[in-house]
Structure formats: C-alpha cells, structure tokens
Amino acid sequence: GNALSQRISEATFLADQKIEELRAADFNSLTNGQDTLQSLYRREWVVIDAAAPNTKQVTVTVGWGGSGCLENVDNCDHKVEVVTFITQRN
C-alpha cells in the first residue's frame, strides 16, 4: 500500500530528474545510459531518433525490487517508465 506508492513517487521523480538532465545536455551527445541510485533503484535511459526531424525519443525506466534488479532494469519487480521527446534548439 503506502510503501509502494512512496516508491512509485520516488521512482517517477528520479525518471523526471534524468529527463531534465538530458534536456539540458548537448542534443548531439545524447546517448543511452544507466545508473544505480541509493543502492535501491536501477535507472536506464534509451535515446532513439524520432520520426520528427531534429527530435529524439527518450525513454527512462526506473526499477526496484527483485533479484538482479540493480544489474538490469528488466529484472526488477516494479518499474516506472517515462517517455518524452527532446527537440534540438537552434
């Protein structure tokens, strides 16, 4: 119940935080990556070219819980995924 909703809120915050970091980064240097936070959350982000010109689709997944979760988000029992688009500024 309450503990799970707290984790979901925290994971969503961590996903949004990474999206803001990527928005602030140089558009041409945006790449995939991953990190581990608080020895609890696995965060992975995938950057692909979007259909629209000068736009990249960014998917950030934050997972927690389960064996092997900190090595690969696919192993996590719980996941939050945030998808956004970043457009190159002129």
Side-chain angles (χ1 to χ4, degrees):
N2 220 6
L4 179 60
S5 63
Q6 186 178 347
R7 293 261 187 270
I8 291 169
S9 295
E10 200 162 325
T12 303
F13 171 79
L14 293 169
D16 289 340
Q17 185 180 56
K18 176 50 67 176
I19 284 172
E20 291 312 309
E21 282 175 31
L22 293 169
R23 277 190 198 288
D26 176 51
F27 182 83
N28 293 310
S29 70
L30 294 177
T31 57
N32 300 345
Q34 70 280 325
D35 55 14
T36 302
L37 303 143
Q38 304 159 21
S39 301
L40 176 65
Y41 296 101
R42 172 68 173 193
R43 183 168 63 179
E44 298 183 8
W45 54 98
V46 177
V47 180
I48 61 171
D49 290 328
N54 302 317
T55 304
K56 296 199 184 279
Q57 178 181 313
V58 178
T59 304
V60 180
T61 307
V62 178
W64 68 96
S67 172
C69 177
L70 296 180
E71 286 76 48
N72 187 322
V73 79
D74 292 336
N75 297 331
C76 299
D77 291 340
H78 305 281
K79 285 183 233 163
V80 168
E81 188 172 274
V82 178
V83 180
T84 194
F85 293 90
I86 298 177
T87 303
Q88 186 172 25
R89 294 190 286 283
N90 292 333

Undergrad: Quick one: do Lys56 and Asp49 satisfy side-chain contact (heavy atoms from CB on, under 4.5 Å)? Show the steps, please.
TA: CA-CA 5 Å; Lys56 296 199 184 279; Asp49 290 328; 2.8 Å; yes
Undergrad: Please report the closest heavy-atom contact between Val62 and Tyr41, naming both atoms and the distance.
TA: CG1-CD2, 3.8 Å
Undergrad: Are Val47 and Val83 grouped together when hydrophobic residues (ILVMFWY) are joined by side-chain heavy atoms under 4.5 angstrom apart?
TA: no
Undergrad: Compare all side-chain heavy atoms of Asp16 with those of Glu20 and state whether any distance is below 4.5 angstrom.
TA: no
Undergrad: List the steps, then state whether side-chain contact (heavy atoms from CB on, under 4.5 Å) holds for Asn2 with Gln6.
TA: CA-CA 6 Å; Asn2 220 6; Gln6 186 178 347; 5.9 Å; no
Undergrad: With side chains defined as the heavy atoms from C-beta onward, is the minimum distance between Arg7 and His78 less than 4.5 Å?
TA: no
Undergrad: Less than 4.5 Å apart, any side-chain heavy atom of Thr84 and any of Arg23?
TA: yes
Undergrad: Compare every heavy atom of Val73 with every heavy atom of Gly63, then report the nearest pair and how far apart it is.
TA: N-CG2, 3.6 Å
Undergrad: Determine whether more than 12 heavy atoms belonging to other residues, nucleotides or ligands lie under 6.0 Å from atom CD of Gln38.
TA: yes
Undergrad: Name the one of Asp77, Val80, Leu37 that satisfies side chain to side chain contact (heavy atoms under 4.5 Å, CB included) with Trp64?
TA: Val80
Undergrad: What's the spacing between Leu30 CG and Ile48 CD1 if we round to 0.5 Å?
TA: 12.5 Å
Undergrad: Grab the two heavy atoms, one from Val60 and one from Trp45, that are nearest each other, plus how far apart they are.
TA: CG2-CB, 3.9 Å
Undergrad: Measuring from atom CG of Asp74 to atom OG1 of Thr61, what distance do you get when rounded to the nearest 0.5 angstrom?
TA: 8.5 Å
Undergrad: Quick one: are Asn72 and Gln34 in side-chain contact, heavy atoms under 4.5 Å?
TA: no
Undergrad: Kindly work out whether a path of hydrophobic side-chain contacts (I/L/V/M/F/W/Y, heavy atoms less than 4.5 Å apart) joins Leu40 to Ile8.
TA: yes
Undergrad: Could Glu44 and Arg42 be called an ion pair, given the rule that one side-chain N must be under 4.0 Å from one carboxylate O?
TA: yes
Undergrad: Rounded to the nearest 0.5 Å, how far does CD of Gln17 lie from OG1 of Thr12?
TA: 12.5 Å
Undergrad: Can you tell me how far apart CG (Leu22) and CZ (Phe27) are? Round to the nearest 0.5 Å.
TA: 11.5 Å
